[in-house]
Chemist: 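I have a structure I would like to understand better, so I am pasting it below and will then ask my questions one at a time.
Atom set for the values below is all heavy atoms of this structure, side chains included, hydrogens, waters and symmetry mates excluded. By convention in this document, chain letters (A, B, ...) are assigned in the order of the sequence lines, proteins followed by strands, and residues within each chain are numbered from 1.
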Number of protein chains: 2
Amino acid sequence: MSVPLYQAKAEMFRTLGHPVRIRVLELLQAGPRPVRDLLSEIDVEPSNLSQQLAVLRRTGVVVSFRDGSLVMYALSTPDVADLLAAGRRILSAVLTDRDGLLAELRAHSPSE
Amino acid sequence: MSVPLYQAKAEMFRTLGHPVRIRVLELLQAGPRPVRDLLSEIDVEPSNLSQQLAVLRRTGVVVSFRDGSLVMYALSTPDVADLLAAGRRILSAVLTDRDGLLAELRAHSPSE
DNA sequence: CCGGGACTTGAAGAATTCTGCAATTCGCCA
DNA sequence: TGGCGAATTGCAGAATTCTTCAAGTCCCGG
């Protein structure tokens, strides 16, 4: 497998590695939305949101088009939902493990 | 949904956003491996690999344990494979779209 | 044609992340 | 016990990414 491919995969994941961008993608799962709506649901400055949207566009995870005076954004492929779902599962698995370990640590004596 | 949760999700994805770390995870899909093996398959300095492994450990995506004089690494949950698979699907969807667009651009006259 | 809302772009400084070198730890075995 | 291979840690400088502010574009209504 070529090195540039790993680069591309990494870039794909790095694109999701930001709270605002994650939130945007989750909102877009419900369908296309204008920037104006995203802005009202995410606590961030307009220019910052635009920057984050640009990152998502650059990678090709979302697409945008104009509808009258509004700019709409949409997921470029429904596969994005799978990615988010897989992320949630891992997060929950990891947190469960952590809690499990914590519980175990508390249940036994230090010398055990 | 709380803001810290988005932070946690973002951190999870950011963890995967590095070529070496992606490669490590793909290798670990086949089962636990010692650092020594990873090192022989990935072109990176030992200290760099260690740093990247530390990042993966911190997030809880992988776990490590000692086996004699070797340190072994393993995926903490098989769900990681799903994430990588979803990433691949999106990448291929995005690239296909791009190629599709390119082909379309080439097939029509500039003024069309 | 002008005003104003809806977004985007450019750019700079702050904050993070990456990389590689040197030094260190840990366990094994002669 | 001393030497070694295996890995990790501590850092410093380089490279990226984030955030914000100021300025600019586009489009609709008047």
Side-chain angles (χ1 to χ4, degrees), chain A residues 3-4 6-25 27-28 31-76, chain B residues 3-4 6-25 27-28 31-76:
Chain A
V3 172
Y6 287 111
Q7 201 80 33
K9 289 182 182 181
E11 193 181 328
M12 158 104 274
F13 284 114
R14 196 144 23 77
T15 295
L16 305 203
H18 187 289
V20 168
R21 296 197 295 261
I22 286 282
R23 190 133 195 222
V24 166
L25 294 179
L27 289 170
L28 292 185
R33 283 173 179 286
V35 174
R36 151 206 271 277
D37 280 15
L38 300 175
L39 212 42
S40 75
E41 305 207 47
I42 309 177
D43 184 34
V44 66
E45 302 214 359
S47 70
N48 194 341
L49 179 59
S50 249
Q51 297 280 5
Q52 308 309 336
L53 288 172
V55 172
L56 292 171
R57 248 186 297 127
R58 233 172 276 138
T59 313
V61 181
V62 305
V63 295
S64 69
F65 53 93
R66 191 173 269 280
D67 179 16
S69 68
L70 302 182
V71 176
M72 306 286 295
Y73 275 83
L75 296 185
S76 69
Chain B
V3 173
Y6 287 111
Q7 200 79 33
K9 289 182 181 180
E11 193 182 329
M12 158 104 278
F13 284 113
R14 196 148 20 78
T15 295
L16 305 203
H18 186 290
V20 169
R21 297 198 292 262
I22 285 281
R23 191 132 195 223
V24 165
L25 293 179
L27 290 170
L28 292 185
R33 282 175 179 286
V35 175
R36 151 207 271 277
D37 279 16
L38 299 174
L39 211 42
S40 76
E41 306 207 48
I42 309 177
D43 184 33
V44 65
E45 302 218 356
S47 71
N48 194 340
L49 179 59
S50 250
Q51 298 279 5
Q52 308 309 335
L53 288 172
V55 172
L56 292 171
R57 247 186 296 126
R58 232 172 276 138
T59 313
V61 180
V62 306
V63 295
S64 69
F65 52 94
R66 192 173 266 280
D67 179 15
S69 68
L70 302 181
V71 175
M72 306 285 295
Y73 275 84
L75 296 184
S76 68

Chemist: What is the distance, rounded to the nearest whole Å, between atom CG of L70(B) and atom C1' of dC4(D)?
Modeler: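 Value for this atom pair: 14 Å.
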Chemist: Quick one: pull up CE in M12(B) and CZ in R14(B) and give me the separation to the nearest 0.5 Å.
Modeler: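 Answer rounded to 0.5 Å: 11.0 Å.
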Chemist: Measure CD1/I42(B) against P/dC18(C) and give the value in whole Å, please.
Modeler: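 It is 15 Å, rounded to the nearest whole Å.
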Chemist: Report the residue from L39(B), L28(B), L70(B), V24(B) that forms a side chain to side chain contact (heavy atoms under 4.5 Å, CB included) with R33(B).
Modeler: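 Looking at L39(B), L28(B), L70(B), V24(B), the match for R33(B) under the side chain to side chain contact (heavy atoms under 4.5 Å, CB included) is L28(B).
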Chemist: Could you grab the distance from atom CD of E11(A) to atom NE2 of H18(B), nearest 0.5 Å is fine?
Modeler: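 Going from CD on E11(A) over to NE2 on H18(B), the span is 13.5 Å.
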Chemist: Determine the sole option in V55(B), L49(B), L16(B), L53(B) for which the side chain to side chain contact (heavy atoms under 4.5 Å, CB included) test with R21(B) is passed.
Modeler: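 It is V55(B); the other options fail the test.
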Chemist: Ignoring backbone atoms, establish whether Y73(B) has a side-chain N or O less than 4.0 Å from OP1 or OP2 of dA6(D).
Modeler: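 For dA6(D), neither OP1 nor OP2 has a side-chain N or O of Y73(B) closer than 4.0 Å.
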Chemist: Keeping S76(B) on the side-chain end and V61(B) on the backbone end, is there a donor-acceptor pair under 3.5 Å?
Modeler: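 The answer is yes, because a donor-acceptor pair under 3.5 Å joins these two groups.
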Chemist: dC7(C) P sits how many Å from L53(A) CG, rounded?
Modeler: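 From L53(A) CG to dC7(C) P: 10 Å.
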Chemist: Using whole Å, report how far CD of E11(B) lies from C1' of dT17(D).
Modeler: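 Atom CD in E11(B) sits about 16 Å away from atom C1' in dT17(D).
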Chemist: At under 4.0 Å between heavy atoms, which parts of nucleotides 19-24 of chain D does protein reach? Answer with one letter per nucleotide, 5' to 3': B base, S sugar-phosphate only, - none.
Modeler: SBBB--
Chemist: In whole angstrom, what separates L56(A)'s CG from dC18(D)'s P?
Modeler: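 To the nearest whole Å, that distance equals 11 Å.
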Chemist: Between R21(B) and dC18(C), does any side-chain N or O lie under 4.0 Å from OP1 or OP2?
Modeler: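 Result: yes.
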Chemist: By nearest nucleotide on DNA chain D, pick out whichever of A54(B) and R14(A) is the more 5' one.
Modeler: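 Nearer the 5' end of the strand: A54(B).
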Chemist: Between atom CZ of F13(B) and atom CD1 of I22(A), what is the distance when rounded to the nearest 0.5 Å?
Modeler: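 One finds 4.5 Å between CZ of F13(B) and CD1 of I22(A).
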Chemist: Compare side-chain N and O positions of S69(A) against OP1 and OP2 of dC28(D) and report whether any pair is under 4.0 Å apart.
Modeler: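 Answer no for this pair, as no side-chain N or O of S69(A) is under 4.0 Å from OP1 or OP2.
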Chemist: Looking at every heavy atom in both Q7(A) and P19(B), which two are closest together, and how far apart are they?
Modeler: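 What the structure gives for the nearest pair is OE1-CG, 3.7 Å.
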Chemist: Show your reasoning for whether side chain to side chain contact (heavy atoms under 4.5 Å, CB included) applies to I42(A) and L27(A).
Modeler: CA-CA 10 Å; I42(A) 309 177; L27(A) 289 170; 3.9 Å; yes
Chemist: Are any of R36(A)'s side-chain N or O atoms less than 4.0 Å away from OP1 or OP2 of dG5(C)?
Modeler: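 For R36(A), the contact criterion (side-chain N or O under 4.0 Å from OP1 or OP2 of dG5(C)) is not met.
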Chemist: Between T15(B) and L56(B), is there a donor-acceptor pair closer than 3.5 Å when you use the side chain of the first and the backbone of the second?
Modeler: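 Not confirmed, T15(B) side chain does not pair with L56(B) backbone.
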Chemist: To the nearest Å, give me how far apart CZ (R33(A)) and C1' (dC7(C)) are.
Modeler: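 In whole Å, dC7(C) C1' lies 18 Å from R33(A) CZ.
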Chemist: In whole angstrom, give the distance that lies between atom CG of L39(A) and atom C1' of dA6(C).
Modeler: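 Spelled out: CG on L39(A) to C1' on dA6(C) is 9 Å.
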Chemist: Heavy atom of residues 57-68 of chain A under 4.0 Å from DNA chain D: which residues?
Modeler: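 Only R66(A), G68(A) qualify.
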